[in-house]
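Each remark here refers to the structure printed beneath this line.
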Amino acid sequence: MDEQPRLMHSHTGVGMAGHPGLPQHMQEGTGGTDGDGRKQDIGDILQQIMTITDQSLDEAQARKHALNCHRMKPALFNVLCEIKEKTVLSIRGAQEEEPPDPQLMRLDNMLLAEGVSGPEKGGGSAAAAAAAAASGGAGADNSAEHSDYRAKLSQIRQIYHTELEKYEQACNEFTTHVMNLLREQSRTRPISPKEIERMVSIIHRKFSSIQMQLKQSTCEAVMILRSRFLDARRKRRNFNKQATEILNEYFYSHLSNPYPSEEAKEELAKKCAITVAQVSNWFGNKRIRYKKNIGKFQEEANMYAARTAVNAANASSHGSQANSPSTPNSAGETGSPWLCSAIRTCLSQGNAPLLYSSGFTFPP
DNA sequence: ACATATGATTGAAA
DNA sequence: TTTCAATCATATGT
């Protein structure tokens with residue numbers, strides 16, 4: 001601690017203000033006048049202060065008591081207070097109000113959003129559930145992974161909270177300790193309540209910077225966890241064969257305009273046991289990949305066209321052709337803007353040979 | 001091991 | 001807003 005330097009500083013200040021230097025004075029011996037006697041008193045007091053660290057605790061305690069009871073103490077103390085007031089006032093203003101740290105706020109917000117710092121099982125699990133739902137699939141393994149994720153998240157949360165509590169406790173302990181110390185010292189040392197306040201805020205700042213580190217590393221841990229468990233790309237599963245068939249069937253039977261309406265998407269999603277978003281993804285991918293290389297998909301196209309033709313034939317032979325849900329207006333319909341642009345794209349990609357060799361033969 | 005297929009994401013464009 | 005185009009990251013086939 002730095003009381004000693006401060007004390008020394010204060011006393012030299014006094015010396016300069018009202019009295020000549022101390023050591024010389026003491027060597028000057030006894031003057032005999034009243035003023036010299038007083039100086040001698042002050043010299044004694046200061047000497048005692050100077051040597052206080054050399055003494056044992058009990059001795060020091062006794063001397064402290066003696067000092068406190070000394071008749072000169074209040075006057076000396078007042079002088080110290082005055083000087084302190086001046087110096088402290090000049091110090092103050094340099095570091096006052098700090099604005100709320102934006103980064104800390106960001107970390108707080110994120111921790112709250114992830115359900116780490118918020119209520120026990122509130123928004124976090126909801127957000128996770130939403131993410132899981134978005135990543136699609138009502139599979140059993142999905143929920144298993146999700147619970148795994150939740151377990152890890154709560155583990156992180158627990159660590160975070162115990163650490164936070166530890167820091168808080170340590171901070172409080174230290175603060176009260178320092179405050180007690182300062183209050184205790186304020187009896188022999190000029191310490192204003194404001195100074196104590198300032199000290200406390202310094203301590204809090206230090207501890208909150210430690211807290212920020214904790215929050216930062218917690219955030220990092222959560223991010224890693226998220227990317228490992230919730231990034232759908234990392235646990236991509238192919239759709240089952242049936243779903244792919246259904247989607248392909250729709251795609252090739254609507255080849256001239258493979259843009260399912262919202263209702264159609266919903267129906268496909270239901271049939272394939274996937275989400276509407278996944279249907280949209282699938283069609284987006286399919287359109288772009290088909291367009292890029294029509295030749296490569298020709299075989300597939302022919303196969304599905306043939307299948308729908310067979311289905312249609314079967315349906316018509318059973319006399320229920322009229323209300324067939326999907327009208328397979330296959331690619332023979334040459335006016336289709338999408339198909340034209342797709343062919344253009346395919347040609348521009350340098351796939352002309354494939355395109356021509358494919359033959360464009362679609363069953364009726 | 002490697003190449004290819006495939007579902008998801010992202011940012012620009014319409 | 002949806003779609004396109006490029007890209008990522010995994011799955012699957014050889």
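Worth knowing before you read on, the calculation uses all heavy atoms, side chains too, and leaves out hydrogens, waters and symmetry mates. In what follows, every chain begins at residue 1, and chains take the letters A, B, ... in the order their sequences are listed.
Remark: P of C:dT2 and CD of A:Glu263 are 13 Å apart, rounded to the nearest angstrom. At whole-Å resolution of the value, CG in A:Asn293 and P in B:dA5 are 9 Å apart. Computed from coordinates, the A:Lys292 NZ to C:dT7 P distance equals 8 Å when rounded to whole Å. Between A:Lys241 atom NZ and C:dA11 atom C1' the separation is 14 Å, expressed in whole Å. Spacing between atom CZ of A:Phe283 and atom P of C:dT3 amounts to 11 Å, rounded to whole angstrom units. Note: CZ (A:Arg236) to C1' (C:dA11) measures 5 Å, nearest angstrom. When the P atom of B:dA5 is taken as reference, atom CD of A:Glu299 falls 12 Å away, rounded to whole Å. Note: CG (A:Asn248) to P (B:dA5) measures 14 Å, nearest angstrom.
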| task | Test A:Lys270 against A:Glu267 for salt bridge (charged side-chain N to carboxylate O under 4.0 Å, His left out), laying out the working first. | result | CA-CA 5 Å; A:Lys270 202 155 63 174; A:Glu267 201 182 322; over 6 Å; no
Please list each protein N or O that sits under 3.5 Å from an N or O in nucleotides 12-14 of chain B, with the distance.
none

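Between A:Arg237 and C:dT10, a side-chain N or O to OP1/OP2 separation shorter than 4.0 Å is absent. A sub-4.0 Å separation between OP1 or OP2 of B:dG7 and a side-chain N or O of A:Asn281 is absent. Taking side-chain N and O atoms only, A:Lys291 has no distance below 4.0 Å to OP1 or OP2 of C:dT3. In this structure, A:Tyr259 reaches the C:dC4 phosphate: one of its side-chain N or O atoms is under 4.0 Å from OP1 or OP2. Look at A:Lys296 and you won't find any side-chain N or O under 4.0 angstrom from OP1 or OP2 of B:dT4.
Considering A:Ile203, A:Asn180, A:Ile196 as possible partners of A:Thr175, the one that fulfils the side-chain contact (heavy atoms from CB on, under 4.5 Å) test is A:Ile203.
Salt bridge status for A:Glu249 with A:Lys271: absent, with no side-chain N to carboxylate O gap under 4.0 Å.
At a cut-off of 3.5 angstrom, counting only N and O atoms as typed in the model, there is no donor on one side facing an acceptor on the other between the side-chain of A:Asn238 and the base of B:dA5. For C:dT7, its base sits under 3.5 Å from the side chain of A:Arg289 at one donor and acceptor pair at least.
Closest of all the heavy-atom pairs between A:Ile294 and A:Cys346 is N-SG, 3.4 Å. The minimum heavy-atom distance between A:Ile45 and A:Met72, with the atom names listed, is CD1-CB, 3.9 Å.
When heavy atoms are screened at a 4.0 angstrom cut-off, A:Lys265 is found touching the sugar-phosphate backbone but no base atom.
Partners of A:Phe239 by ring-ring contact (aromatic ring centres under 6.0 Å, His included), not counting sequence neighbours: none found. Partners of A:Gln213 by side chain to side chain donor-acceptor pair (under 3.5 Å), not counting sequence neighbours: none found.
Judged by closest nucleotide on DNA chain C, A:Glu262 is the one of A:Asn285 and A:Glu262 placed further toward the 5' end.
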